[in-house]
Amino acid sequence: AQTVTQSQPEMSVQEAETVTLSCTYDTSESDYYLFWYKQPPSRQMILVIRQEAYKQQNATENRFSVNFQKAAKSFSLKISDSQLGDAAMYFCAYRSVSKGGSEKLVFGKGTKLTVNP
Amino acid sequence: EAQVTQNPRYLITVTGKKLTVTCSQNMNHEYMSWYRQDPGLGLRQIYYSMNVEVTDKGDVPEGYKVSRKEKRNFPLILESPSPNQTSLYFCASRRHRVTYEQYFGPGTRLTVT
């Protein structure tokens, strides 16, 4: 079964600086999708960025980018020019599809990011 | 506005009293899913539906039921809630075989005493 590991329960960063959140996953599939979701205090789950495994180019969305290392099964999220509004819980997720066709997102346990002014 | 809605947003109930949490999406998505979020465990899938009248169990289905009679609605039913079902519940949807990211509802905070 696929697993997703976020080894940093908590991280902090100074406003305007850069921070990287780590995520590793375990899978035997060759084609898959990975996501980072943000959960602010409102508890809404917000998609931050998506990466298709077949694409070698790392995904980028404004200040958010990923470092996707397929061989190492690593999918880290880099936040540049951190803002106070970036403070949230961040979840790494893997799209899992079984042979029977069942589909789900497998989530890591999350990293709580604090942004200090 | 494209969105997933859930009701109620907050609910406190007692053990054994049947309840339903509704979920509706206005994006014509085929796939819908329910997750529960517990501290230190992330989100875990309860049930999912690939389309109308097609539902299946996720990782933690015990104590829950679902139905999918209409494409837009996917209610979560707790026939006899117990305190271990106290949790934050999310409904999600996505278009089948397009971009694969799931769009989440605002969450329902359920407390069972």
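Here is the naming used below: chain letters follow the sequence lines, and residue numbers restart at 1 for every chain.
- Between B:Y100 and A:Y33, the ring planes lie tilted relative to each other; the angle falls in the 30° to 60° range.
- The 12-atom threshold is not exceeded at CD of A:Q57, counting heavy atoms of other residues, nucleotides or ligands nearer than 6.0 Å.
- Few gaps surround CG on A:D31; more than 12 heavy atoms of other groups in view lie less than 6.0 Å from it.
- Each of B:Q45, B:K57, B:R44 has some count of heavy-atom pairs under 4.5 Å with chain A, and the biggest count is that of B:Q45.
- Crowding of B:L41 atom CG: a count of heavy atoms from other residues, nucleotides or ligands under 6.0 Å exceeding 12.
- When hydrophobic clusters are built by joining Ile, Leu, Val, Met, Phe, Trp and Tyr residues whose side-chain heavy atoms come closer than 4.5 Å, directly or via intermediates, A:I49 is grouped together with A:L113.
- Within the 4.5 Å cutoff, side-chain heavy atoms of B:R109 are placed close to those of A:R43.
- Under the 4.5 Å side-chain criterion, counting only non-hydrogen atoms from C-beta, B:R94 is in contact with A:E103.
- Contact annotation for A:L105: both backbone and side-chain heavy atoms come within less than 4.5 Å of a heavy atom of chain B.
- Considering only heavy atoms from C-beta on, B:F104 stays 4.5 Å or farther from A:Q39 through its side chain.
- Only the side chain of A:R50 comes within less than 4.5 Å of a heavy atom of chain B; its backbone N, CA, C and O stay farther away.
- Your options are B:A92, B:G107, B:G58, B:G105, and the one with the most heavy-atom pairs under 4.5 Å with chain A is B:G105.
- A single hydrophobic cluster is seen to contain both A:F75 and A:I79, as judged by linkage of ILVMFWY side chains at heavy-atom distances under 4.5 Å, directly or through other members.
- Residues A:Y37 and B:Q102 approach most closely at OH-O, 2.8 Å, considering heavy atoms.
- One distance of note links NZ of A:K104 with OH of B:Y47; it measures 14.0 Å at 0.5 Å rounding.
- Placement of A:L84 and A:L77 within a single hydrophobic cluster is found when ILVMFWY residues are connected by side-chain heavy-atom separations under 4.5 Å, directly or transitively.
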Kindly determine whether A:F35 and B:E101 satisfy side-chain contact (heavy atoms from CB on, under 4.5 Å), including the steps that lead there.
CA-CA 8 Å; A:F35 307 92; B:E101 64 252 30; 3.5 Å; yes
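- Within a 6.0 Å sphere centred on NZ of B:K71, heavy atoms belonging to other residues, nucleotides or ligands number more than 12.
- Within 6.0 Å of NZ on A:K70 lie more than 12 heavy atoms contributed by other residues, nucleotides or ligands.
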